Amino acid sequence: MLLASKNNKLIGAWFEGQKYYLANINENIIEKEDEILIKTVNWLDDYFKGNKPSINGLDLAPEGSDFRLKVWEILREIPYGETITYGEIAKRISKEGKMSAQAVGGAVAHNPISIIIPCHRVVGANGKLTGYAGGIDRKRFLLEHEKKR
């Protein structure tokens, strides 16, 4: 995975070859370690060891439109090991109930902080595994990993 920070806040965590890889990065990339990157590596290690680390200790600053930020905030609320549908997210965002699940899907797909902002926990209306910018095999792995715990 590639991790990116700006002003000691995490702005990106992508799988190599992921769709929209570095999509929100407009500056030159400088390779260095800072506190948030070290915390993120520790968080990911903890996650893959089967623990349920809290994202409260990570200073996240994904960059995107107001709509995408709303969607990503909802993603952060999905409990470990649980799933939500695109339609359920659309209903939570829309006061009138007229939000497109496809629009939500686009925002979910552009989530720049994989795993930590758990877009892998979003499924189709029938519970089917649908699109994941990191690949369906990774999505399946992450969901199975969480269910084992």
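For reference, positions follow the sequence shown, starting with 1. On a predicted model such as this, the values are computed, not experimentally measured, just so you know.
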Original post:
Would Leu143 and Leu129 satisfy side chain to side chain contact (heavy atoms under 4.5 Å, CB included), going step by step from the backbone distance to the final call?
Top reply: CA-CA 10 Å; Leu143 291 172; Leu129 297 187; 3.4 Å; yes
Determine whether Ile84 and Val123 satisfy the following criterion, side chain to side chain contact (heavy atoms under 4.5 Å, CB included), listing intermediate values before the conclusion. CA-CA 6 Å; Ile84 189 172; Val123 297; over 6 Å; no
Original post:
Taking it one step at a time, do Ile78 and Val122 satisfy side chain to side chain contact (heavy atoms under 4.5 Å, CB included)?
Top reply: CA-CA 9 Å; Ile78 306 169; Val122 182; 4.1 Å; yes
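More than 12 non-hydrogen atoms from other residues, nucleotides or ligands lie less than 6.0 angstrom from CD of Glu77.
Between Leu3 and Leu44, some side-chain heavy-atom pair lies under the 4.5 Å cut-off. Residues Ile136 and Arg140 form a side-chain contact, since some pair of their non-hydrogen atoms from C-beta on lies under 4.5 Å apart. At a threshold of 4.5 Å between non-hydrogen side-chain atoms, the residues Phe48 and Leu142 count as touching.
Put simply, the side chain of Lys139 never gets that close to the backbone of Gly134: no donor and acceptor are under 3.5 Å apart. Using a distance-only test at 3.5 Å, with no hydrogens or angles considered, a donor-acceptor pair links the side chain of Asn8 to the main chain of Ile36. Using a distance-only test at 3.5 Å, with no hydrogens or angles considered, no donor-acceptor pair links the side chain of Asn7 to the main chain of Lys9. The backbone N or O of Ala13 lies less than 3.5 Å from a partner atom in the side chain of Ser114, making a donor-acceptor pair. Without hydrogens or angle criteria, Trp72 side chain to Glu63 main chain gives no donor-acceptor distance under 3.5 Å.
Atom CG of residue Leu10 and atom NZ of residue Lys39 lie 11.5 Å apart, to the nearest 0.5 angstrom. In this structure, CG on Leu58 lies 10.5 Å from CG on Leu37, to the nearest 0.5 angstrom. Rounding to the nearest 0.5 angstrom, the gap separating the CG atom in Asn111 from the CZ atom in Arg76 is 10.0 Å.
Not counting sequence neighbours, the partners of Arg138 by the side chain to side chain contact (heavy atoms under 4.5 Å, CB included) test are Phe15, Tyr132. For Asp34, the side chain to side chain donor-acceptor pair (under 3.5 Å) criterion is met by Ser5, not counting sequence neighbours.
Salt bridge status for Lys49 with Asp46: absent, with no side-chain N to carboxylate O gap under 4.0 Å.
Closest approach of Ala4 to Trp14, counting heavy atoms only: CB-CZ3, 3.7 Å. Residues Val108 and Cys119 approach most closely at CG1-CB, 3.6 Å, considering heavy atoms. Taking both residues in full, the closest heavy atoms of Ile117 and Pro62 are given as CD1-CG, 4.0 Å, listed atom of the first, atom of the second, then distance.
Note: Tyr47 and His120 have perpendicular aromatic rings, judged against thresholds of 30 and 60 degrees for the angle between ring planes.
Among residues at least two apart or in separate chains, salt bridge (charged side-chain N to carboxylate O under 4.0 Å, His left out) pairs with a member in residues 99-125 are Arg121-Glu146.
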